[in-house]
Undergrad: 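This is the structure I have questions about; it appears just below.
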Amino acid sequence: MTDLSPIPPSILAPTDAGWVEALTGDELPEPAKRWRIDGTGSAAWAMAHVINSGAQLEALTAQAVEWYGRIDAWLVHESAPPRATAAFFAAHLERFALDTREADPRKKSVTLPGGKVQTREAKPRAVVIDEAEALAWAAKNAPEAIQTTEKLRLEALRLRLTVKEMVTIAWVTNSCGCKVSVRDEEGLDIPPVGTETECSTCGADALIGMVEVLHSRWVVTDAEGGDVPGVDVDPGGVTAKVVVG
């Protein structure tokens, strides 16, 4: 049977790989700062480390869970006497305070060295024991008792919005050879390449040539181009994810 277990990093390691042991989560060692994947070999070495580190993390987590279980069991055992003692005397103190109030309704609390026992009176009131049945009854008989929560339907909202990239700073090279810097924080309205224009540098009639965007930001607007409060843009982009296996 073919052995499909992960290749240990040591088999794929380059000769100067000792710096890996210094990867502790603090400052990177100098060799690590310089290291880059330069081909399939070094990429396979990197993947082997991801797999090996994942296995170490799983083992550490399993050990921690086992220790947590022991600590929980120890805590339950050791705390049983003080919990039982506190519950026993607290029950007697509460009974004493209730008896005291019953004998003299003006005495709503009992003050003792180290603390007090307070009592309070709650009037009878309706409580819901089956929300589905109570909701069905209220829908017919007490609709004002039903709370409706408004929530945005994001897909429907997006159909009413426009997401666009707004250029704020750019270099524009005209056919006359001049390179002009243009900027506007509210967004530049740069005509298409090939549009006739008067060069702001030399004054000659020219055509807009290359446009080099230096800064831009994503904005979201409504159909008329107005701002939409409470809404921003997730610019998206290409990401990578390591998948082991």
Side-chain angles (χ1 to χ4, degrees), residues 25-28 32-33 35-40 43 46-47 50 53-54 57 125-245:
D26 298 323
E27 185 177 355
L28 288 175
K33 295 178 182 179
W35 185 82
R36 297 291 185 275
I37 292 177
D38 56 10
T40 304
M47 179 62 79
V50 171
S53 298
L57 288 172
R125 61 177 181 171
V127 295
V128 175
I129 58 174
D130 189 319
E131 186 169 2
E133 290 186 357
L135 190 61
W137 180 89
K140 296 180 180 179
N141 302 281
E144 71 279 4
I146 299 177
Q147 178 179 321
T148 303
T149 302
E150 292 185 346
K151 187 175 181 180
L152 281 172
R153 294 175 55 232
L154 191 53
E155 292 304 319
L157 178 67
R158 284 172 175 160
L159 293 176
R160 303 289 298 273
L161 304 178
T162 300
V163 174
K164 61 182 180 181
E165 186 178 15
M166 179 183 290
V167 178
T168 55
I169 306 175
W171 281 110
V172 177
T173 303
N174 296 324
S175 59
C176 60
C178 296
K179 192 173 184 179
V180 182
S181 173
V182 291
R183 66 174 60 209
D184 188 341
E185 289 303 317
E186 298 302 319
L188 292 169
D189 185 15
I190 302 176
V193 173
T195 302
E196 293 184 357
T197 185
E198 180 181 340
C199 179
S200 60
T201 300
C202 68
D205 292 333
L207 301 177
I208 292 180
M210 183 177 67
V211 176
E212 181 183 356
V213 176
L214 300 179
H215 184 269
S216 65
R217 56 188 174 88
W218 289 96
V219 296
V220 57
T221 64
D222 58 19
E224 288 73 38
D227 292 335
V228 181
V231 180
D232 205 345
V233 179
D234 177 356
V238 179
T239 60
K241 182 181 179 179
V242 177
V243 180
V244 175

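Scope of the values below: all heavy atoms of this structure, side chains included, with no hydrogens, waters or symmetry mates. Worth saying up front: this structure is predicted, and the values here are computed from it rather than measured.
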Undergrad: Report the residues that fulfil salt bridge (charged side-chain N to carboxylate O under 4.0 Å, His left out) with Lys33, sequence neighbours left out, ordered by chain and then residue number.
TA: Glu27, Glu30
Undergrad: Could you work out, with salt bridge (charged side-chain N to carboxylate O under 4.0 Å, His left out) as the rule, every residue matching Glu212, not counting sequence neighbours?
TA: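 Testing Glu212 for salt bridge (charged side-chain N to carboxylate O under 4.0 Å, His left out), a comparison that skips the adjacent residues, returns Lys179.
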Undergrad: Mind checking the CG-OG1 spacing from Leu207 to Thr173? Nearest 0.5 Å is all I need.
TA: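 With rounding to 0.5 Å, CG (Leu207) is 13.0 Å from OG1 (Thr173).
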Undergrad: Apply salt bridge (charged side-chain N to carboxylate O under 4.0 Å, His left out) to Arg158 and list each qualifying residue two or more places apart in sequence or on a separate chain.
TA: Glu155
Undergrad: Which donor-acceptor pairs under 3.5 Å do side chains of residues 126-140 form with protein atoms, sequence neighbours excluded?
TA:
{"unit_1": "Asp130", "atom_1": "OD1", "unit_2": "Ala132", "atom_2": "N", "d": "3.2"}
{"unit_1": "Asp130", "atom_1": "OD1", "unit_2": "Glu133", "atom_2": "N", "d": "3.2"}

Undergrad: Does Ala170 have any side-chain contact (heavy atoms from CB on, under 4.5 Å) partners at least two apart in sequence or in another chain, and if so, which?
TA: Val167, Val182, Leu188, Ile190, Val211
Undergrad: Under 3.5 Å, sequence neighbours excluded: what are the donor-acceptor pairs made by side chains of residues 214-239?
TA:
{"unit_1": "His215", "atom_1": "ND1", "unit_2": "Thr168", "atom_2": "OG1", "d": "2.7"}
{"unit_1": "Ser216", "atom_1": "OG", "unit_2": "Glu165", "atom_2": "OE2", "d": "2.6"}
{"unit_1": "Arg217", "atom_1": "NH2", "unit_2": "Glu185", "atom_2": "O", "d": "2.6"}
{"unit_1": "Asp222", "atom_1": "OD1", "unit_2": "Glu224", "atom_2": "N", "d": "3.0"}
{"unit_1": "Asp222", "atom_1": "OD1", "unit_2": "Gly225", "atom_2": "N", "d": "3.0"}
{"unit_1": "Asp222", "atom_1": "OD1", "unit_2": "Gly226", "atom_2": "N", "d": "2.6"}
{"unit_1": "Asp234", "atom_1": "OD1", "unit_2": "Gly236", "atom_2": "N", "d": "3.1"}

Undergrad: Salt bridge (Lys or Arg N to Asp or Glu O under 4.0 Å): which pairs involve residues 187-209, sequence neighbours left out?
TA: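 Counting only pairs at least two positions apart or across chains, no salt bridge (Lys or Arg N to Asp or Glu O under 4.0 Å) contact touches residues 187-209.
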Undergrad: Is Glu144 atom CD crowded by more than 12 heavy atoms from other residues, nucleotides or ligands, each under 6.0 Å away?
TA: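 It does: Glu144 CD has more than 12 such atoms within range.
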Undergrad: Looking at residues at least two apart in the chain, or sitting in another chain, which of them share a side-chain contact (heavy atoms from CB on, under 4.5 Å) with Thr197?
TA: Asn174, Ile208
Undergrad: Please report the shortest heavy-atom distance between Ala46 and Ile37, naming the atom on each side.
TA: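 Reported closest heavy-atom pair: CB-CD1, 4.2 Å.
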Undergrad: For Ser200, give me all partners under side-chain contact (heavy atoms from CB on, under 4.5 Å), at least two apart in sequence or on another chain.
TA: Val180
